[in-house]
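Only a predicted model underlies this, so the values are computations on that prediction, with no experimental measurement involved.
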Amino acid sequence: MSNDLDLARRAVAEAGRRMTADGLVTGTAGNVSIRVGDLVAVSPSGMDYQAIGPEDVCVVDLAGATVDGPHRPSSETPLHLTVYASTDARAVVHHHGLHSTAVSVALQSLPAVHYYITRLGGPPRVAPYATYGTPELAAAVESALQGRTAALMQNHGAVAYGDTLDQAYDRAHLVEWLAQLYTTAAPLGRVRILSDDELAAVVARREQS
């Protein structure tokens with residue numbers, strides 16, 4: 001377990017720097033976590049990602065109590081723990097990507113502008129606005145994630161989970177790509193949205209492959 005936690009803390013630190021490089025966060029925004037058994041390695045609160053080393057990554061239990069680490073865990077730790085409690089997630093990525101956030105302030109869900117959206121279980125819903133770090137936000141996201149592996153948070157950003165950190169990150173990045181596609185296409189004219197039947201055909205095609 002100790003070795004797994006060490007690897008998880010290193011991966012969380014590296015993922016934070018990757019979010020910055022990919023333009024998914026600015027400053028100290030966003031957070032990443034990995035579940036290891038009944039413990040969770042999660043980004044520390046308010047630290048520049050470039051300064052975070054594995055030893056800075058916090059370890060909390062599933063109730064949110066700090067088990068190890070010299071810093072306070074991310075203010076969004078309750079959100080991460082709610083995702084773990086309500087899904088089979090093993091890793092969670094939350095970012096403030098510009099295009100994802102833009103969609104969250106204007107729409108109720110991310111439109112199905114590309115069949116890649118099926119990789120998220122369908123169009124991500126927008127969870128109603130609630131103050132960051134609160135039980136209300138966690139509950140709103142839990143509801144929005146029903147049948148999905150990603151959601152948007154109104155006037156806030158996006159969250160995605162997966163079986164591994166790589167999968168969670170790829171899904172979080174895909175949300176931003178899809179949002180960017182929509183915000184790029186929308187000014188050009190009427191945006192064609194894929195129907196439920198068209199999305200179902202994509203899922204069926206994938207299952208046959």
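- The CG atom of D56 sits 13.0 Å away from the OH atom of Y49 when rounded to the nearest 0.5 Å.
- The side-chain heavy atoms of D61 and D38, taken from C-beta on, include no pair separated by under 4.5 Å.
- In this structure, S143 contributes its side chain and A140 its backbone to no donor-acceptor pair below 3.5 Å.
- Under a hydrophobic-cluster definition in which Ile, Leu, Val, Met, Phe, Trp and Tyr are linked whenever side-chain heavy atoms come within less than 4.5 Å, directly or via other members, L79 and M47 are assigned to different clusters.
- Residue V59 is tested with L39, V42, V12 for a side-chain contact (heavy atoms from CB on, under 4.5 Å); the sole match is L39.
- With a 4.5 Å cut-off on side-chain heavy atoms, H173 and L24 count as touching.
- Y161 places no side-chain N or O within 3.5 Å of a backbone atom of L145 that could act as its donor or acceptor partner.
- More than 12 heavy-atom neighbours from other residues, nucleotides or ligands sit within 6.0 angstrom of CZ on R18.
- Note: S45 OG to N31 CG = 9.0 Å, rounded to the nearest 0.5 Å.
- A donor-acceptor pair is defined here as one N or O able to donate and one able to accept, closer than 3.5 Å; no such pair exists between the side chain of R35 and the backbone of V92.
- Judged purely by atom type and a 3.5 angstrom limit, E176 uses its side chain to pair as donor or acceptor with the backbone of S100.
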Please report the C-alpha distance between E198 and Y115 in whole Å, then the side-chain angles of each, then the deciding distance to 0.1 Å, and finally whether the side chain to side chain contact (heavy atoms under 4.5 Å, CB included) criterion is met.
CA-CA 8 Å; E198 288 170 324; Y115 63 83; over 6 Å; no

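- Contact between T82 and A138 at its shortest, heavy atoms only, is OG1-CB, 3.4 Å.
- Grouping the Ile, Leu, Val, Met, Phe, Trp and Tyr side chains by contacts below 4.5 angstrom, directly or via other members, places L165 apart from L62.
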Kindly indicate, with the supporting measurements, whether the criterion side chain to side chain contact (heavy atoms under 4.5 Å, CB included) is fulfilled by R125 and Q108.
CA-CA 6 Å; R125 306 179 186 94; Q108 295 303 304; over 6 Å; no

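- Among all heavy-atom pairs drawn from V25 and A29, the shortest one is CG1-O, 3.4 Å.
- Here S43 contributes atom OG and E76 contributes atom CD; the two are 11.0 Å apart, rounded to the nearest 0.5 Å.
- Put simply, the side chain of Q154 never gets that close to the backbone of A127: no donor and acceptor are under 3.5 Å apart.
- L137 places none of its side-chain heavy atoms less than 4.5 Å from the side chain of T131.
- If you run side-chain contact (heavy atoms from CB on, under 4.5 Å) between L178 and each of H99, R119, H114, only H114 comes through.
- In terms of hydrophobic clustering, with Ile, Leu, Val, Met, Phe, Trp and Tyr side chains grouped at heavy-atom distances under 4.5 Å, V105 and V159 are assigned to different clusters.
- Among all heavy-atom pairs drawn from A160 and A168, the shortest one is CB-O, 3.8 Å.
- L98 and L174 fall into different hydrophobic clusters, defined by Ile, Leu, Val, Met, Phe, Trp and Tyr side-chain heavy atoms under 4.5 Å apart, directly or through other members.
- Of all the heavy atoms in Y169 and A15, the pair that sits closest is CE1-O, 4.1 Å.
- Y84 and L7 sit in two unconnected hydrophobic clusters of ILVMFWY residues. Membership requires side-chain heavy atoms under 4.5 Å apart, directly or through other members.
- Around CZ of R205, the count of heavy atoms belonging to other residues, nucleotides or ligands within 6.0 Å does not exceed 12.
- Side-chain atoms of T183 come within 3.5 Å of backbone N or O of Q180 as a donor-acceptor pair.
- In this structure, C58 and T66 have side chains that are not in contact, with every pair of non-hydrogen atoms separated by 4.5 Å or more.
- Counting heavy-atom neighbours within 6.0 Å of R72 CZ, excluding the residue itself, gives a total of 12 or less.
- Using the six-membered ring where Trp is involved, H94 and H156 have ring planes that are perpendicular, over 60° apart on the 30 and 60° scheme.
- Ion pairing between R9 and D68 holds under the 4.0 Å rule for side-chain N and carboxylate O.
- Although no hydrogens or angles enter the test, the distance criterion places a donor-acceptor pair under 3.5 Å between the side chain of S104 and the main chain of M153.
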Given the rule in the side chain to side chain contact (heavy atoms under 4.5 Å, CB included) test, do R171 and V93 qualify, once you have shown the distances and angles that lead to the verdict?
CA-CA 9 Å; R171 287 170 172 171; V93 174; over 6 Å; no

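- With a 4.5 Å cut-off on side-chain heavy atoms, L120 and R148 do not count as touching.
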Set out, in order, the CA-CA distance, both residues' side-chain angles and the distance that settles side chain to side chain contact (heavy atoms under 4.5 Å, CB included) for Q167 and T149, then state yes or no.
CA-CA 10 Å; Q167 186 180 61; T149 56; over 6 Å; no

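- Here CG of D88 is found 8.5 Å from CZ of R90. Values are rounded to the nearest 0.5 Å.
- Side-chain contact between I117 and P124: present, with at least one pair of heavy atoms (C-beta onward) separated by less than 4.5 Å.
- Taking OG of S195 as the start and CZ of R192 as the end, the distance is 7.0 Å to the nearest 0.5 Å.
- Of all heavy-atom pairs spanning I34 and A11, the tightest one is CD1-CB, 3.7 Å.
- The shortest non-hydrogen separation linking V83 to A89 is CG1-CB, 4.0 Å.
- Taking OG1 from T28 and CG from D48, the interatomic distance works out to 8.0 Å, rounded to the nearest 0.5 Å.
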